[in-house]
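Note sheet for the following structure.
Every heavy atom of this structure was used, including side-chain atoms; hydrogens, water molecules and symmetry mates were not.
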Amino acid sequence: MEKPLNGKCPCRTQSWYIVLISFLIWFSLFYLYSSSMTFGKMGDSFLGNNRTGFVGSSESSIHDVVKDETGNASYVNDVKIEDNVGKAIYETENDRKPIKFYIDRDIDWLIASLMADDNETETFETISGKILEEEFRNSSKRRGRIKPVEAVAAATTIPKKVEQVVPQPRTQNVVKPQEPKPQNIVKPEPYPSPCLGRYIFVHDIPRKFNQDLLDNCQSLSSWTDMCESALNLGLGPTLPSNEKLYSKTGWFSTNQFLLEVIFHNRMKQYQCLTNDPMVASAIYVPYYAGLDVGRYLWDPIGYRRDHDAMELVKWLAGRPEWKKMWGRDHFLVAGRINWDFRRDLKNVSDWGNGLLSYPESKNMTMLIIESSPWNNNDFTIPYPTYFHPSRDDDVFQWQNRMKELKRRFLFSFAVSRKRCRFLECDQTQSCYKPESLMKLLQSSIFCLQPPGDSYTRRSIFDSILAGCVPVFFHPGSPYVQYLWHFPKDYTKYSALIPASARAKRDEVIKLIPNVIYADPASRLQTIEDAFNLTVKGVLDRVETMRNQMKDGKEVNSEFPEQESWKYFTFGKLGGYEWDPFFSSKLGKRGT
C-alpha cells in the first residue's frame with residue numbers, strides 16, 4: 001500500500017470516526033457524572049426541577065456527596081469538600097461558572113488532542129482521565145485550599161461510589177439567638193420594714209391590773225383626787241391659758257404618779273405593734289404597778305401590798321410568751337421610785353412591796369422614775385412634766401422661746417433675796433401649782449436640785465423644761481440615772497456652780513424633747529420624746545440579753561450587781577471619785 005504524502009496512516013478517517021463515537025459515549029457518561037456532582041440528583045436535571053443552570057445557584061437546595069477510595073467525602077462547587085483530615089472546604093461564590101463553560105472547554109481540549117500525531121493517540125480511559133485531572137486541578141487552583149500533590153492524586157482517581165444525601169432546604173445565614181443559660185437568680189430583698197427589730201407585743205393582762213384601778217380611781221389616794229388626774233389619757237386637766245408662762249396648747253396639770261397610764265396610752269400609738277409575740281422584739285406588760293401599790297403603802301397589813309404583784313408575776317410566768325426568753329424580753333412601767341417596789345421579802349413590815357425582788361421579776365426590765373444604783377434590772381425614765389405637745393412645731397417654738405427669755409435671777413432655791421429666788425412649799429402648796437413653779441424656774445439661770453427623801457425629784461425635769469440649768473449635789477440624782485435620756489457628758493447640761501452659764505443653758509434647752517411625754521392623743525413626726533427614747537433603750541437591752549443567751553453566757557454576769565451604777569454609767573468598773581457617794585444606800589421611803 002502506498003504511503004500517503006503527509007506521512008499519515010490511510011486509516012485516519014476510520015480512526016477518527018471511532019474516536020468520535022467514543023467521545024459521544026464518554027460525553028454522555030461525563031455529562032451524567034458532572035450533573036450528579038453539580039446539581040445533586042441526576043433526575044432533577046431532566047424532570048423539570050426549577051434550576052437556573054448555574055453551579056452554586058442560590059436556588060439550589062441539594063448538596064451531593066462524593067466519596068473517594070479513602071472514604072473521605074468531597075463536594076464539587078457548591079458542595080462541601082472534606083480533605084483527608086476531615087476539614088470542610090467550600091468553594092467561594094466568585095468561582096462559580098455556568099455548566100456550559102466546562103463543556104466547551106473540554107471539547108476544545110479533546111479536538112486538540114485528536115489533531116496530534118498517531119503516536120499520541122490515546123484510549124478513551126486515558127483521555128477521560130486527563131479531562132478529570134485537568135478539571136480537578138483547575139478547580140483546586142481556584143479554591144487555593146488543596147496542595148498540588150494532593151490535588152493531582154485526587155484528580156487521577158475516579159470515584160468508585162457516589163452517595164446522595166437527602167436534600168435540605170437552604171436557609172439564610174442568620175445567627176439564631178441562644179437561649180439564656182439558667183442562672184441562680186438572687187431575688188432582691190424587699191425593702192426592709194422600718195419596724196424590723198422594733199416590734200412590740202402588748203400583753204392582754206386581766207383588767208384588775210390596770211383598767212379596774214382607773215375605774216376605782218377614788219381609792220387610789222387618800223390626799224389627791226386621782227380621778228381628776230386620770231383625765232385626758234392620764235395627762236390630767238388642761239391648764240388655763242397663760243401666754244406669759246405657757247405656749248397656746250399642750251399644757252396639763254399632770255400628776256407624776258400617772259406615768260404608767262400615760263406610757264400605756266402612748267404605747268397604743270406606737271407604730272410597730274404586733275399581735276404575734278413570736279416576731280416581737282420585746283413584750284410590754286401594761287400593769288399599773290405604782291397605782292396598785294400606792295393604795296397600801298401606809299397600810300400596816302403587808303400582804304395587801306404584795307397580793308396583786310405576786311398574782312401578776314405568776315400569771316406572766318404561766319404564759320407561753322414567757323418561755324421564749326424566760327421573761328427577759330418583758331418590761332413594765334412603774335410610776336414611783338424603786339424603793340416602793342424593792343422590799344425585802346423576808347421582812348413583811350418593811351416599806352413597799354416586793355415586785356422588784358421576785359425571782360421572775362429579776363429577769364424583766366423595770367422602768368421607774370428612780371432606779372437603784374446597786375441593782376441591774378430597773379432603769380430610770382423621766383418624771384412626767386406639764387408639757388405634752390401634739391406637734392413637732394410646738395416643741396421647736398417652746399425651745400426658741402426659752403432661749404430668748406430674759407432671766408432676772410441667778411439661782412432658784414437659795415437664801416439670798418437679791419440674787420436668788422425661794423419658793424415656799426409647806427404652807428401655801430405653791431410647789432404643786434404649775435403656774436407658781438414655772439414662773440420661778442423661767443426667771444432663773446440655775447435651779448438647785450438637792451436630794452430629798454431619795455436621789456431624784458420631779459423639779460429636775462420641770463427646770464429643764466423651763467431652760468434652767470440644774471445644779472446637783474449628788475451624782476446619784478441624775479448622773480447614774482436617765483442614761484437613755486441625758487448625755488453621758490453630764491458637764492454639758494449641769495454643774496455644781498458652772499463658769500459658763502449661757503452654754504449650759506443652751507444644752508439644757510436641747511434636752512427638753514428628751515424629758516417630755518407627747519400627748520397620747522397625737523403623734524410627733526420627727527421628735528423623739530421620753531417615751532421613744534425609753535422604748536429604744538428597752539429594745540437595746542433586750543437584744544443584748546438575747547445575744548448573751550444565744551452565746552450561752554450568763555446574763556449580766558460581766559459585773560457585780562452592787563456596782564450596776566458604775567457599769568451602766570461608765571461602761572466599765574474600777575475606782576471612781578463617786579465611790580464614797582454610793583458606799584451606803586440613801587432613802588428607802590417613798591415620796
*State, without any angle test, whether Arg541 and Thr365 hold a side-chain donor-acceptor pair at a distance under 3.5 Å.*
yes

_Pairing donors with acceptors under 3.5 angstrom, does anything connect the side chains of Tyr296 and His307?_
no

*Centre of Phe257's six-membered ring, under 6.0 Å away, within 45 degrees of the axis: is that where NZ or CZ of Arg336 sits?*
yes

*Do the ring planes of His203 and His330 sit parallel (below 30°), tilted (30 to 60°) or perpendicular (above 60°)?*
tilted

*asked:* Tell me whether Arg207 is salt-bridged to Asp215, with the criterion being a basic N under 4.0 Å from an acidic carboxylate O.
replied: yes

*Should the pair Asp378-Arg342 be classified as a salt bridge under the 4.0 Å nitrogen-to-oxygen rule?*
yes

*With a 3.5 Å cut-off and no angle check, do the side chains of Gln481 and Ser371 form a donor-acceptor pair?*
yes

_Arg304/Asp299 ion pair, N-O < 4.0 Å_ = yes

*Measure from the ring center of Trp315 to the ring center of Phe209 and say whether it is less than 6.0 Å.*
no

*Single hit among Asp540, Thr380, Val538, Asn514 for side-chain contact (heavy atoms from CB on, under 4.5 Å) with Trp484*: Val538

*Side chains of Asp489 and Thr491: is there a donor and an acceptor less than 3.5 Å apart?*
yes

*Note: Lys314-Glu311 ion pair, threshold 4.0 Å (strictly below)*: no

_Parallel, tilted or perpendicular, judged at 30° and 60°: which one describes the rings of Tyr383 and Phe461?_
tilted

_Please tell me whether Phe531 and Phe263 form a close aromatic pair, meaning their ring centres lie under 6.0 Å apart._
yes

*Classify the angle between the aromatic ring planes of His474 and Phe582 as parallel (below 30°), tilted (30 to 60°) or perpendicular (above 60°).*
perpendicular

*Side-chain contact, heavy-atom cut-off 4.5 Å: Val469 with Tyr493?*
no

*Taking the six-membered ring where the residue is Trp, are the ring centres of Phe387 and Trp251 under 6.0 Å apart?*
yes

_Tell me the closest heavy-atom pair linking Met366 and Ser361, and the distance in Å._
CE-CB, 3.6 Å

_Aromatic plane relationship, Phe570 with Tyr576 - under 30° parallel, 30 to 60° tilted, over 60° perpendicular_ = parallel

_Would you say the rings of Phe486 and Tyr479 are close, in the sense that their centroids are separated by under 6.0 Å?_
no

